[in-house]
K.L.:
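One structure, pasted below without further comment.
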Amino acid sequence: MLSTESKLKSLYGHRYSIRRRENSDSRALFELFKQPLCQQGMICDAFASPAHFQSWIDNAGSDKLDIVATCETAVIGYAGIFSGRENRGHVGSLSLFVHDEFHSRGIGGLLMRGILAVADARPHLRRIELFVICDNHRAIDLYRRFGFEIEGRHDCFARRKHNFVDVYSMSRIAKSGGDC
Ligand SMILES: CC(C)(COP(=O)(O)OP(=O)(O)OC[C@H]1O[C@@H](n2cnc3c(N)ncnc32)[C@H](O)[C@@H]1OP(=O)(O)O)[C@@H](O)C(=O)NCCC(=O)NCCS
């Protein structure tokens, strides 16, 4: 079976790749998070400006892991894992977004593969967790393919425009890792 990277290369050439996020990506990421489908999948409040995103990311801790997907030079996707503190230092919280114009091309899979490879190289990160809106079937399907399981349903968890939304909590426990 072809890897996601090989499938992408055969379908779209060598245009898509992943790299570490840089501060100079903030404007492109702000524009990405503003996309309607990205907004629909978001549980937290939208960012007001590139500077707002930059300050949020600066405050997310120095041990965060984050990468972007690019199409030639344009930033078209983002994946981040944010570590918990103290007695939740073994837990990472996952965030994943692909620009609306690039959905269903395997880029979410490419980002998942990349960010989980980085996380798995940090044996203290035993648990990766996330919240996903229950109607976000594309995301749920993708997370399941990467070993995440639904742990619970949280009704009226957040507000999206004028409605409350229900979310699932999902997690993936590393098969091996450091002691507690
Ligand atoms: C969820 C998201 C990251 C997935 O990214 P993507 O690049 O579209 O993902 P991929 O193309 O790698 O994989 C999507 C898979 O879902 C499948 N899929 C598409 N629509 C689907 C649907 N309605 N239900 C179930 N599966 C679906 C596709 O067939 C594809 O599988 P395949 O690779 O076997 O063809 C992207 O849609 C996104 O950014 N959405 C908006 C933001 C968001 O909701 N983020 C998640 C917050 S928890």
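As the structure lists them, so they are numbered: ligands from 1, and atoms in each ligand from 1.
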K.L.:
So does Asp135 pair up with Arg160, basic N to acidic O under 4.0 Å?
P.N.:
yes
K.L.:
Using a strict 4.0 Å cut-off to heavy atoms of Phe97, name the atoms of ligand 1 that fall inside it.
P.N.:
39 (O), 42 (C)
K.L.:
Surrounding CD of Gln39 (heavy atoms of other residues, nucleotides or ligands, distance under 6.0 Å), is the total greater than 12?
P.N.:
yes
K.L.:
Can you tell which of Arg145, Arg105, Arg144, His99 gets a heavy atom nearest to atom 31 (O) of ligand 1?
P.N.:
Arg145
K.L.:
Please could you name the atoms of ligand 1 that Ser104 approaches to less than 4.0 Å, counting only its heavy atoms?
P.N.:
6 (P), 7 (O), 8 (O), 11 (O), 19 (C)
K.L.:
For atom 2 (C) of ligand 1, tell me which residue out of Arg138, Met42, Gln40, Met170 has the closest non-hydrogen atom.
P.N.:
Arg138
K.L.:
If you measure from each heavy atom of Leu37 to ligand 1, is any distance below 4.0 Å?
P.N.:
yes
K.L.:
Is it true that Arg153 and Asp155 make a salt bridge, defined as a side-chain N closer than 4.0 Å to a carboxylate O?
P.N.:
yes
K.L.:
Can you tell whether the side chains of Arg172 and Glu151 come within less than 4.0 Å, N to carboxylate O?
P.N.:
no
K.L.:
Please say whether Tyr143 places an N or O atom under 3.5 Å from an N or O atom belonging to ligand 1.
P.N.:
no
K.L.:
At a 4.0 Å threshold, what atoms of ligand 1 neighbour a non-hydrogen atom of Gly108?
P.N.:
5 (O), 6 (P), 7 (O), 9 (O), 12 (O)
K.L.:
Below 4.0 angstrom, N of the basic side chain to O of the carboxylate: do Asp25 and Arg19 qualify?
P.N.:
yes
K.L.:
Taking the minimum heavy-atom distance to atom 39 (O) of ligand 1, which of Asp100, Val98, Leu130 ranks first?
P.N.:
Val98
K.L.:
Which atoms from ligand 1 have a heavy atom of Gly41 less than 4.0 Å away?
P.N.:
44 (O), 47 (C)
K.L.:
Once rounded to the nearest 0.5 Å, what's the spacing between atom CD1 of Ile173 and atom CG of Leu125?
P.N.:
11.0 Å
K.L.:
Which of the atoms of ligand 1 are close to Phe131, meaning less than 4.0 Å from one of its heavy atoms?
P.N.:
48 (S)
K.L.:
Would you say Val132 has any N or O atom under 3.5 Å from an N or O of ligand 1, going by distance alone?
P.N.:
no
K.L.:
Looking only at side-chain N and O atoms, does Ser26 offer a donor or acceptor that is under 3.5 Å from a partner on Arg21?
P.N.:
no
K.L.:
Locate the shortest heavy-atom distance separating Arg85 from Asp63; write the atom from each residue and the value.
P.N.:
NH1-OD1, 4.2 Å
K.L.:
Should the ring pair Phe33 and Tyr78 be called parallel, tilted or perpendicular, given that the plane angle runs from 0 to 90° and is split at 30 and 60?
P.N.:
perpendicular
K.L.:
Any idea which atoms of ligand 1 are less than 4.0 Å away from a heavy-atom of Gly106?
P.N.:
10 (P), 11 (O), 12 (O)
K.L.:
Counting only heavy atoms closer than 4.0 Å, does ligand 1 sit against the backbone of Asn136, its side chain, both, or neither?
P.N.:
side chain
K.L.:
With atoms numbered from 1 as shown, which atoms in ligand 1 lie under 4.0 angstrom from a non-hydrogen atom of Gly109?
P.N.:
12 (O)
